[in-house]
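All values reported here derive from a predicted model rather than from experimental measurement.
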Amino acid sequence: MIDRETARAAIKSGEAVLGLEFGSTRIKAVLIDGNHKPIAMGVHDWENHLENGVWTYSLEDIITGLQDCYRSLKEDVQEKYSVTLTKLGTIGISGMMHGYMVFDKDGQLLVPFRSWRNTITGEAAGKLTELFSFNVPQRWSIAHLYQAILNKEDHVKDIAYMTTLAGYIHWQLTGKKVVGIGEAAGMFPIDSDALDYDRIMMAKFDELVNPKGYPWRLREILPGVLCAGADAGTLTKEGALLLDPTGELMPGCILCPPEGDAGTGMAATNSVAVGTGNVSAGTSVFAMVVTEKPLAHVHEEIDMVTTPDGHPVAMVHCNNCSSDLNAWIGLLREFGEQFGLNIPSDELYGSLFKLAMEGAKDGGGLVSYNYYSGEPVMGTNAGCPLFMRDPDAEMDLADFMRVQLMSSLATLKIGLDILLKDEAVPLTSITGHGGLFKTAKVAQFILAAAINAPVTVMETAGEGGPWGMALLAAYEKETHGEIPLDDYLNSQIFAGESGITMEPDPKDVAGFDAFLEKYRKGLDAERCAAERMVQVRQKNVRL
């Protein structure tokens with residue numbers, strides 16, 4: 001429950017903390033008070049688009065989205081508290097991890113932003129994985145850079161700075177070319193002992209590309225690396241005007257290191273200590289498990305990244321989660337509208353999700369592939385959503401919805417099985433958060449069945465990354481990193497909050513396993529369909 005006067009006082013005094021995250025389909029700002037509770041919110045919906053075979057967001061969309069999200073936040077503050085937002089205590093910027101943003105010496109973007117969703121760097125990722133003896137996913141910035149080199153792209157020689165979306169926004173607001181260590185871990189491998197990029201791997205990369213004669217070394221074009229709690233600069237006059245073109249926002253507040261959505265998810269679920277883990281489920285889905293040390297073997301399905309304070313994290317990242325599910329629900333919404341039924345989104349999703357709990361535990365002979373884009377964990381380089389069923393399947397709505405939810409988590413389960421079974425990584429707790437968990441218990445029980453382990457969802461599950469980013473900003477403001485991040489979260493944020501934990505039902509576990517067996521057997525059909533659709537797009541041939 002928000003104390004309106006306490007919130008109003010925090011806003012007027014300039015003590016409120018802002019977390020702002022660029023998600024795949026929504027830019028969201030969350031303002032928190034001294035009790036770390038959300039007191040206002042701003043949103044801006046947006047979408048990536050496919051341009052010349054590349055998933056991207058334009059620079060104009062990035063800036064206008066930032067400004068519109070902040071404008072929305074100001075309006076929410078004014079409406080709730082009759083106060084104009086003019087000063088902030090701290091700001092934290094987050095964004096979807098990975099990707100490729102490169103600039104010349106004058107700060108001009110050299111090529112359109114290449115987002116995490118692209119699966120166009122397979123050759124580079126494979127060669128770097130072999131060179132480093134360390135898995136380099138296609139999404140990572142270094143894979144995009146090396147692929148551009150292999151493609152002999154002319155812009156590479158002009159690169160003066162390479163960063164991520166969060167790093168870019170932070171740079172524009174502060175003038176500082178830095179990122180948080182968790183975000184840096186999605187650009188280039190990190191040495192968790194040195195809390196910096198791995199120097200041995202960096203030397204190998206420089207030696208690899210030296211014959212090309214580029215006028216830069218890799219370290220010269222990468223952002224600096226900062227751990228949570230570090231001072232990452234202050235909001236400049238130009239940055240304040242960029243964020244709030246009305247000129248009402250005062251410059252001078254501090255910013256914490258910009259982080260990726262993986263790091264904000266760990267903060268939002270109190271999953272930064274060794275043995276803890278979380279699953280973030282939205283447009284993409286990923287699981288993070290904090291490990292005591294790096295894995296014994298290299299797995300292409302598992303990335304090694306870090307917590308916001310630098311501990312090793314095994315990450316299973318799947319490009320696709322809720323996009324296809326949302327499209328099907330949109331179709332059902334349209335059907336209802338034909339009969340005059342204008343059902344609110346929360347009610348529509350809630351009803352359909354709850355119906356899934358009544359469906360056949362193995363999906364009733366239905367199977368769905370939610371691959372809007374390529375899915376490297378499964379070796380598919382292009383997307384083509386595909387729904388199939390046995391001819392004698394009953395095809396009722398409960399089974400259909402259950403299959404859509406199981407499909408959203410199927411690829412994640414395949415990756416987690418490697419981590420938890422093959423590598424025997426210990427896991428004491430796992431917490432779910434993100435949009436998929438907003439409807440109480442439904443996605444939670446599906447995830448528990450998928451991983452055959454208890455799953456906890458807290459009341460704050462729907463707040464997600466922007467709130468997690470605000471917590472990291474508050475951590476910088478209140479501690480300057482002088483106490484461990486996990487101690488801060490345990491004592492200041494999550495003390496007394498246990499959430500709701502669901503144990504896996506053995507029948508649900510067996511049902512998910514049976515569904516996954518059918519899912520695996522149909523993967524060749526998915527791959528074939530995706531390849532065919534690429535031909536259609538590229539050659540304009542008939543199906």
Side-chain angles (χ1 to χ4, degrees), residues 54-55 96-102 110-111 113-153 155-157 159 161-164 167 179 181-194 196-214 216-223 225 260 262 286 294-306 312-319 373-381 415 418-419:
V54 173
W55 290 105
M96 30 189 163
M97 286 180 71
H98 320 297
Y100 184 69
M101 295 189 80
V102 286
L110 291 169
V111 292
F113 170 40
R114 298 171 183 176
S115 79
W116 62 271
R117 197 165 207 170
N118 290 286
T119 49
I120 56 176
T121 64
E123 181 184 7
K127 289 183 176 180
L128 292 177
T129 295
E130 183 178 359
L131 177 69
F132 297 154
S133 297
F134 182 99
N135 182 41
V136 176
Q138 290 200 49
R139 306 179 309 279
W140 283 24
S141 306
I142 191 62
H144 281 281
L145 174 62
Y146 189 46
Q147 191 65 55
I149 292 171
L150 293 175
N151 294 346
K152 300 179 180 179
E153 296 185 40
H155 77 270
V156 176
K157 69 181 188 311
I159 296 175
Y161 184 45
M162 177 172 70
T163 190
T164 62
V179 294
I181 193 167
E183 179 78 334
M187 297 188 74
F188 191 86
I190 290 290
D191 179 344
S192 284
D193 292 326
D196 202 351
Y197 302 115
D198 189 291
R199 293 184 179 182
I200 295 175
M201 295 184 196
M202 188 167 288
K204 288 182 177 181
F205 182 84
D206 282 334
E207 184 179 356
L208 177 68
V209 303
N210 273 347
K212 305 292 184 181
Y214 297 122
W216 47 260
R217 292 280 182 142
L218 183 59
R219 191 64 186 85
E220 297 168 353
I221 64 173
L222 284 172
V225 179
F286 49 86
L295 300 183
H297 305 93
V298 176
H299 301 277
E300 291 185 1
E301 299 88 351
I302 299 173
D303 314 352
M304 287 305 300
V305 290
T306 77
V313 174
M315 177 182 189
V316 179
H317 184 287
C318 307
N319 280 3
S373 61
E375 191 56 81
V377 171
M378 300 310 302
T380 63
N381 291 323
I418 296 171
L419 184 64

Side chains of [X] and [Y], heavy atoms from C-beta outward: is any pair under 4.5 Å?
| X | Y | result |
| --- | --- | --- |
| Met187 | Thr164 | yes |
| Tyr100 | Leu145 | yes |
| Asp191 | Asp196 | no |
| Phe134 | Pro294 | no |
| Leu150 | Lys127 | yes |
| Met304 | Leu295 | yes |
| Leu208 | Lys204 | no |
| Leu222 | Met202 | yes |

* Asked: Is the gap between the ring centers of Tyr197 and Phe205 under 6.0 Å?
  ->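 No, ring centres 6.0 Å or more apart.
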Over 60° means perpendicular and under 30° means parallel, so classify the ring planes of [Y] and [X], tilted if in between.
| X | Y | answer |
| --- | --- | --- |
| His317 | Phe286 | parallel |
| Phe132 | Phe188 | perpendicular |
| Trp216 | Tyr214 | parallel |

Roughly how far, to the nearest 0.5 Å, is [atom2] of [Y] from [atom1] of [X]?
| X | Y | atom1 | atom2 | value |
| --- | --- | --- | --- | --- |
| Thr121 | His144 | OG1 | NE2 | 5.0 Å |
| His299 | His297 | NE2 | NE2 | 6.5 Å |
| Ile190 | Glu183 | CD1 | CD | 10.5 Å |
| Leu218 | Asp206 | CG | CG | 5.5 Å |
| His98 | Asn118 | NE2 | CG | 12.5 Å |
| Lys157 | Leu110 | NZ | CG | 9.0 Å |

* Would you check if there is a donor-acceptor pair between the side chains of Glu375 and Thr380 at a distance under 3.5 Å? =>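 Judged by distance alone, the side chains do not pair up.
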* Would you list the pairs meeting salt bridge (Lys or Arg N to Asp or Glu O under 4.0 Å) in which at least one residue belongs to residues 130-142, sequence neighbours left out? =>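 Those involving residues 130-142 are Arg139-Asp303.
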* Asked: Does Gln138 use its side chain to pair, donor to acceptor, with the backbone of Gly122 at less than 3.5 Å?
  ->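 Present.
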* **Test item: Asn319 side-chain N/O and Gly374 main-chain N/O as donor-acceptor pair under 3.5 Å** =>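 Side chain of Asn319 to backbone of Gly374: a pair is present.
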* side chain to side chain contact (heavy atoms under 4.5 Å, CB included) evaluation trace for Gln147 with Glu123 -> CA-CA 7 Å; Gln147 191 65 55; Glu123 181 184 7; 3.7 Å; yes
* Asked: Given Lys212 and Ile149, is the side chain to side chain contact (heavy atoms under 4.5 Å, CB included) satisfied, shown in steps?
  -> CA-CA 9 Å; Lys212 305 292 184 181; Ile149 292 171; 3.9 Å; yes
